[in-house]
Asker: 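Just passing along the structure, written as structure tokens.
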Amino acid sequence: MSALMHLIYSSAATQVFTPEDLAALLALARKKNASLAVTGMLLHIDGSFLQVLEGEPEAVDGIFRTISADPRHTQIVTIIREPIPRRAFSDWSMGFAEVTAEELADLDGANDFFTGGACLTRLNSGRTKKLLGAFKEGRWRSRLSSASMAASAARREPALRERPPISFAFQPVYDASEHTIVSHEAIVCGPDGGPPDAALNQCHTAQDRARLDMEARVLAIGLAARLALPTGLTLSLRAHHADQAAQALRSVLDTATQCGIEADRITIAIDQDQLIGDPIAFASIIQQYRGAGLKICVDHFGAGRSGLSQVETYQPDSIALDENLVRDIASNGPRQAIARGIIQTCDDLGIDVIARHVCIPAEYDWFRQEGVSLFQGPLIGAPKFETLTRDLPSPAQWLP
Ligand SMILES: Cc1cc2nc3c(=O)[nH]c(=O)nc-3n(C[C@H](O)[C@H](O)[C@H](O)COP(=O)(O)O)c2cc1C
């Protein structure tokens, strides 16, 4: 299990930094970082800094304590501190870029923010993730990270002694801004495509059910690999206890590796309402596996116990809005107000919003107008038995 994390902060300089000052600061920083296996990058613009520090938690926190006590800058704000599966700046003990406000304003979607004299000290985590994304894609970097996307192990289906009588339908998750299918959710069904009654009837206890769910996820990954899945894969997790979740996520990770599907293509959709054990222990397991690369989605958001407090607890990559919030949204004022609040919060935190169970064009249109780009539901594409969706009609055909 990887024990890497990154910490991203912004600060404002208390003095003018000449090129010589910056060179001296970087020379010392690089030497010290290299000795502690800390990598990262530092952006400087108009007297403000944004720095990414990545490495083992103890080393990163230690260096950050020293940096925080440095009187040459102030207003130090930690924007993100979270586990990561791998380094994004593995080739730099401390990359450095002097960036202009114009270059930042050029960033997709951030134009309104960076014009008018705003600087790095006013970044929130959503903007920061956008900025880092651009940086990782090569902007302001003379060379890209050498982080290898090494070819995975040879594809093979997981061996199971006795398979439960189930199979899967795959429903597409659509990104409207790119007009692409970004993931498929594996939905359990019977071996003939009907309801999985035979398998469910064999479950007499909660433990039986948990075992079936675990086997189902393993089989879903195997089937997706056989179908040469080109997208992400979404799997639901309905664990009741932290140790069940740990076992389930371990098996997902191992099976994905065996099948040649990278961990970061797998999204685990958590249904918080199933949890009856200690939520803190559960969240800590989730974070651990997020650190290993799995993506986390809080499912049924806005219903039951899945609300904004989950966002803080799990720091998910995405949330999927509950169908009761999506249904008839175009004509329901209170639902619109709630959905707008959630969308705004997620935008500030850099969390993707998925509008689930979208059935009619008016629902799609409303969420699209509010800036949501991820959709799932019958309007976009129904679940298909043992089949992936390769092509979608253009949204123009759904809209009135
Ligand atoms: C914006 C900024 C970024 C810095 N980044 C680092 C860094 O990545 N690594 C580091 O060792 N020191 C960094 N420093 C310098 C530290 O604050 C500190 O001066 C240096 O580590 C020497 O500390 P020491 O004398 O306690 O060993 C940075 C300082 C500033 C103002």
Side-chain angles (χ1 to χ4, degrees), residues 2-105 107 110 113-114 117-136 138-147 291 350:
S2 134
L4 286 174
M5 60 161 274
H6 67 186
L7 186 151
I8 304 171
Y9 74 88
S10 62
S11 67
T14 51
Q15 62 173 66
V16 174
F17 274 86
T18 63
E20 292 74 30
D21 293 334
L22 285 167
L25 184 155
L26 282 166
L28 183 83
R30 284 175 177 149
K31 203 165 154 210
K32 210 164 144 185
N33 293 356
S35 72
L36 291 163
V38 167
T39 49
M41 65 108 174
L42 179 66
L43 287 187
H44 180 235
I45 165 178
D46 285 348
S48 59
F49 293 106
L50 179 85
Q51 187 168 29
V52 180
L53 297 163
E54 54 186 23
E56 290 184 4
E58 213 173 300
V60 168
D61 287 335
I63 285 199
F64 183 56
R65 267 195 299 277
T66 307
I67 295 172
S68 300
D70 194 318
R72 290 173 290 177
H73 61 165
T74 181
Q75 295 176 44
I76 297 158
V77 176
T78 304
I79 305 170
I80 298 172
R81 183 188 181 283
E82 62 185 5
I84 48 170
R86 66 184 78 86
R87 293 172 193 260
F89 304 98
S90 55
D91 49 351
W92 283 348
S93 56
M94 189 46 60
F96 175 74
E98 187 95 45
V99 181
T100 64
E102 290 74 36
E103 283 172 304
L104 285 183
L107 259 186
F113 185 77
F114 289 111
C119 66
L120 297 173
T121 50
R122 285 173 43 201
L123 281 173
N124 58 26
S125 68
R127 300 282 189 197
T128 303
K129 283 181 183 172
K130 225 173 241 175
L131 199 145
L132 284 189
F135 199 92
K136 284 181 201 166
R139 219 178 297 197
W140 311 306
R141 299 189 72 169
S142 54
R143 59 206 167 105
L144 287 166
S145 156
S146 65

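Whatever order the structure lists ligands and atoms in, that order sets their numbers, starting from 1.
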Asker: Minimum distance, heavy atoms only, to atom 4 (C) of ligand 1: which one of Met41, Gln51, His73, Arg30 is it?
Answerer: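 The option holding the nearest heavy atom is Gln51.
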Asker: Name the closest protein heavy atom to atom 28 (C) of ligand 1, giving the residue it belongs to and the distance to 0.1 Å.
Answerer: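 Here the nearest protein heavy atom works out to Leu25 CD2, 3.9 Å.
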Asker: Using every non-hydrogen atom in the two residues, find where Val60 and Glu54 come nearest and quote the distance to one decimal.
Answerer: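 Result for this residue pair: CG2-C, 3.6 Å.
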Asker: Quick one: closest heavy-atom pair of Leu4 and Pro85, and the distance?
Answerer: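 Scanning both residues, the minimum pair turns out to be CD1-O, 4.2 Å.
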Asker: Using a 4.0 Å heavy-atom cut-off, say whether Val38 meets ligand 1 through its side chain, its backbone, both or neither.
Answerer: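 Neither part.
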Asker: Which residue and non-hydrogen atom of the protein lie closest to atom 9 (N) of ligand 1, and at what distance in Å?
Answerer: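 It is Asn33 OD1, 2.8 Å.
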Asker: Quick check: closest heavy atoms across Arg87 and Thr39, and the distance to 0.1 Å?
Answerer: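 Looks like NH1-OG1, 2.8 Å.
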Asker: Can you report which non-hydrogen protein atom sits closest to atom 26 (O) of ligand 1, along with the distance?
Answerer: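 So the nearest neighbour among protein heavy atoms is Thr66 CG2, 3.7 Å.
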Asker: Among protein heavy atoms, which lies nearest atom 19 (O) of ligand 1, and at what distance?
Answerer: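 Answer, as residue, atom name and distance: Asp70 OD2, 3.1 Å.
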Asker: Compare every heavy atom of Gly291 with every heavy atom of Pro83, then report the nearest pair and how far apart it is.
Answerer: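 What the structure gives for the nearest pair is CB-CA, 3.7 Å.
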Asker: Identify, for atom 21 (O) of ligand 1, the protein heavy atom at the shortest distance, and state residue, atom and that distance.
Answerer: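 I find the closest protein heavy atom is Lys32 NZ, 3.0 Å.
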Asker: Report yes if Tyr9 has an N/O atom closer than 3.5 Å to an N/O atom of ligand 1; otherwise report no.
Answerer: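 There is no such contact.
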Asker: So if I count the atoms of ligand 1 from 1 in the order they appear, which ones are less than 4.0 Å from some heavy atom of Arg72?
Answerer: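 Counting atoms of ligand 1 from 1, those under 4.0 Å from Arg72 are 15 (C), 19 (O).
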Asker: Between Val16 and Asp21, what is the shortest heavy-atom contact and its length?
Answerer: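 Answer, listing the atom of Val16 first, then Asp21: O-OD2, 3.4 Å.
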Asker: Where on Ile67 is there a heavy atom closer than 4.0 Å to ligand 1, on the side chain, on the backbone, on both, or on neither?
Answerer: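 It is both parts that get close, each with some atom under 4.0 Å.
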Asker: Do side-chain atoms of Thr14 reach the backbone of Arg72 as a donor and acceptor pair under 3.5 angstrom?
Answerer: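 Such a contact is found between Thr14 side chain and Arg72 backbone.
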Asker: Which residue supplies the protein heavy atom nearest to atom 22 (C) of ligand 1, what is that atom called, and how far is it?
Answerer: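 Here the closest protein heavy atom is Leu28 CD2, 3.4 Å.
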Asker: Report yes if the side chains of Met41 and Gln51 come closer than 4.5 Å at any heavy-atom pair, otherwise no.
Answerer: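 Counting from C-beta outward, Met41 and Gln51 never come under 4.5 Å.
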Asker: Please report the shortest heavy-atom distance between Ala3 and Pro57, naming the atom on each side.
Answerer: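 Taking Ala3 first and Pro57 second, the nearest heavy atoms are O-CD, 3.0 Å.
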Asker: Which residue holds the protein heavy atom closest to atom 7 (C) of ligand 1, what is that atom called, and what is the gap in Å?
Answerer: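 For atom 7 (C) of ligand 1, the nearest protein heavy atom comes out as Ala29 CB, 3.4 Å.
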Asker: Consider ligand 1: state whether an atom of it lies below 4.0 angstrom from any non-hydrogen atom of Leu53.
Answerer: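 Yes; Leu53 lies near enough to ligand 1 that a heavy-atom distance drops under 4.0 Å.
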Asker: Taking the six-membered ring for Trp, are Tyr9 and Phe64 parallel (under 30°), tilted (30 to 60°) or perpendicular (over 60°)?
Answerer: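 Ring orientation, 0 to 90° scale: tilted.
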